[in-house]
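Written out below as structure tokens is the structure these notes cover.
Throughout, protein chains are lettered first and strands after them, A, B, ... in sequence-line order, and every chain is numbered starting at 1.
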2 protein chains.
Amino acid sequence: MGWAAVSAGEDVRLKLVEADEPEENDYHLQEQVGFILRKAHQRHVAIFAAHIADLTPPQFAALAKLHDVGETSQNQLGTLIAMDAATVKGVIDRLKARGLVELSKHEVDKRRLLVNLTAEGREAIERLIPLARDITAETLAPLSAKEAATFMRLLSKLA
Amino acid sequence: MGWAAVSAGEDVRLKLVEADEPEENDYHLQEQVGFILRKAHQRHVAIFAAHIADLTPPQFAALAKLHDVGETSQNQLGTLIAMDAATVKGVIDRLKARGLVELSKHEVDKRRLLVNLTAEGREAIERLIPLARDITAETLAPLSAKEAATFMRLLSKLA
DNA sequence: TTGATATCATTTGCATACGAATGAATTTGA
DNA sequence: TCAAATTCATTCGTATGCAAATGATATCAA
């Protein structure tokens, strides 16, 4: 440590600080919620990829939400799956290129771009939803059922 | 829905399924741990950006870890902050371009690229760490102290 | 010793993710 | 009604994030 060479003077300062406040002087990155949140998300994405190789989580989210609510505008879909306009455009473009969704213009409001599942897209999402349940289960596997319920409740408060 | 035209027959099927298993037939994206994890992470990144505008969370993580452990190889740093080799290279390149880290070759092992904080980088991270504590606090603000402790414990199990 | 492995770093390609700027269309309000 | 504000979508630029391929170097093992 840097203060070893001048330990006498520095020691006094450190002791005073510690006497004033019980606060930890060190900063431990691995204890910060943002860092752990990022790692937990990484782990989940890896689990997802192991179960569903041909779709990313955002792509799955778009299909699942379309399956849930039916035809919507691209922007509205983005709101529903927490993606900004630029991001959702890319996701939808790739799903369209693969024939899983189709686009059409809104009859009345000419600004809107309507997105809908194709038959193939519907078949795909209905086939994948059971796998998604497995993904959720595997992600939460390190927790007991009670812990998982607590975790989901608290995580929801932060999202 | 496709079964509307044959609703009578489908209704029977659905009821039988529900009788067999108490399982929920609907799939609710907003209840899946991966989706909420992604949103919680998004919220944290937004809070981070509001407090520290000129650095991203990964860049901060790199500086904070370098401050903690001192000079290391680029790959080793990546391991410590949970980034693969390709990602950490980009982060370090940008920090180097801003004069916050400096690179050097390992004397013995010529494969390794050593990374270290510059004086400016050290000054920056020491100035920012108090803000990072605020970021952690604000991210966890929706939870009580007890809930936050529980959450951190459970989240760590998933990371 | 040397051939097979393993490690470190780089590069390429693809996929989010978001701020900011832009343009078209719609809605609002004086 | 019509100008201002808003909404929807697109585009650009920047920054992760990871798989896969490659090259250089180091280590291991027969």
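- When hydrophobic residues (I, L, V, M, F, W, Y) are linked wherever their side-chain heavy atoms come within less than 4.5 Å, A:V108 remains an isolated member.
- Whole-Å rounding puts the A:K110 NZ to D:dT6 P distance at 24 Å.
- Rounded to whole Å, the distance from CZ on B:F60 to C1' on D:dT16 is 17 Å.
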Scan nucleotides 6-15 of chain C nucleotide by nucleotide, 5' to 3', and note B when protein non-hydrogen atoms come under 4.0 Å of the base, S if they reach only the sugar-phosphate, - if neither.
-> -BSSBB---S
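- With sequence neighbours excluded, the residues that form a side-chain contact (heavy atoms from CB on, under 4.5 Å) with B:R43 are A:L158, B:I47, B:T139, B:P142.
- In this structure, the side-chain hydrogen bond (donor to acceptor under 3.5 Å, both in side chains) partners of B:D93, at least two apart in sequence or on a different chain, are B:K89.
- Rounded to a whole Å, the CD atom of A:E107 is 12 Å from the P atom of C:dT26.
- Residue contacts for A:V88: at a heavy-atom cut-off of 4.0 Å it reaches no nucleic acid atom on any strand shown.
- Across residues 35-50 of chain A, A:R38, A:Q42 each have a non-hydrogen atom less than 4.0 Å from an atom of DNA chain D (numbered order).
- The CG-P distance, from B:L95 to D:dA15, rounds to 10 Å in whole Å.
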Mind listing the side-chain donor-acceptor pairs of residues 53-60 of chain A below 3.5 Å, one per line with the distance, residues two or more places apart or on another chain?
| residue | atom | partner | partner atom | Å |
| --- | --- | --- | --- | --- |
| A:T56 | OG1 | A:Q59 | N | 3.2 |
| A:Q59 | OE1 | A:T56 | N | 3.1 |

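- Residue pairs meeting the side chain to side chain donor-acceptor pair (under 3.5 Å) criterion with at least one member in residues 61-70 of chain B, sequence neighbours excluded, are B:H67-B:E126.
- Residue A:I92 contributes atom CD1, which lies 10 Å from atom P of C:dT16 at whole-angstrom precision.
- Residue B:I52 contributes atom CD1, which lies 16 Å from atom P of D:dA15 at whole-angstrom precision.
- The two atoms that bring A:A159 and B:K39 nearest to each other are CB-CB, 3.9 Å, heavy atoms only.
- Hydrophobic cluster membership differs between A:Y27 and B:L140, with clusters built from Ile, Leu, Val, Met, Phe, Trp and Tyr side chains linked at under 4.5 angstrom.
- Nucleic acid contact class of B:V115 (heavy atoms, under 4.0 Å, all strands): none.
- For A:F35, there are no ring pair (Phe, Tyr, Trp, His ring centres under 6.0 Å) partners two or more places apart in sequence or in a different chain.
- Evaluation of the side chain to side chain donor-acceptor pair (under 3.5 Å) test over residues 96-106 of chain A, restricted to residues two or more places apart or in two chains, returns none.
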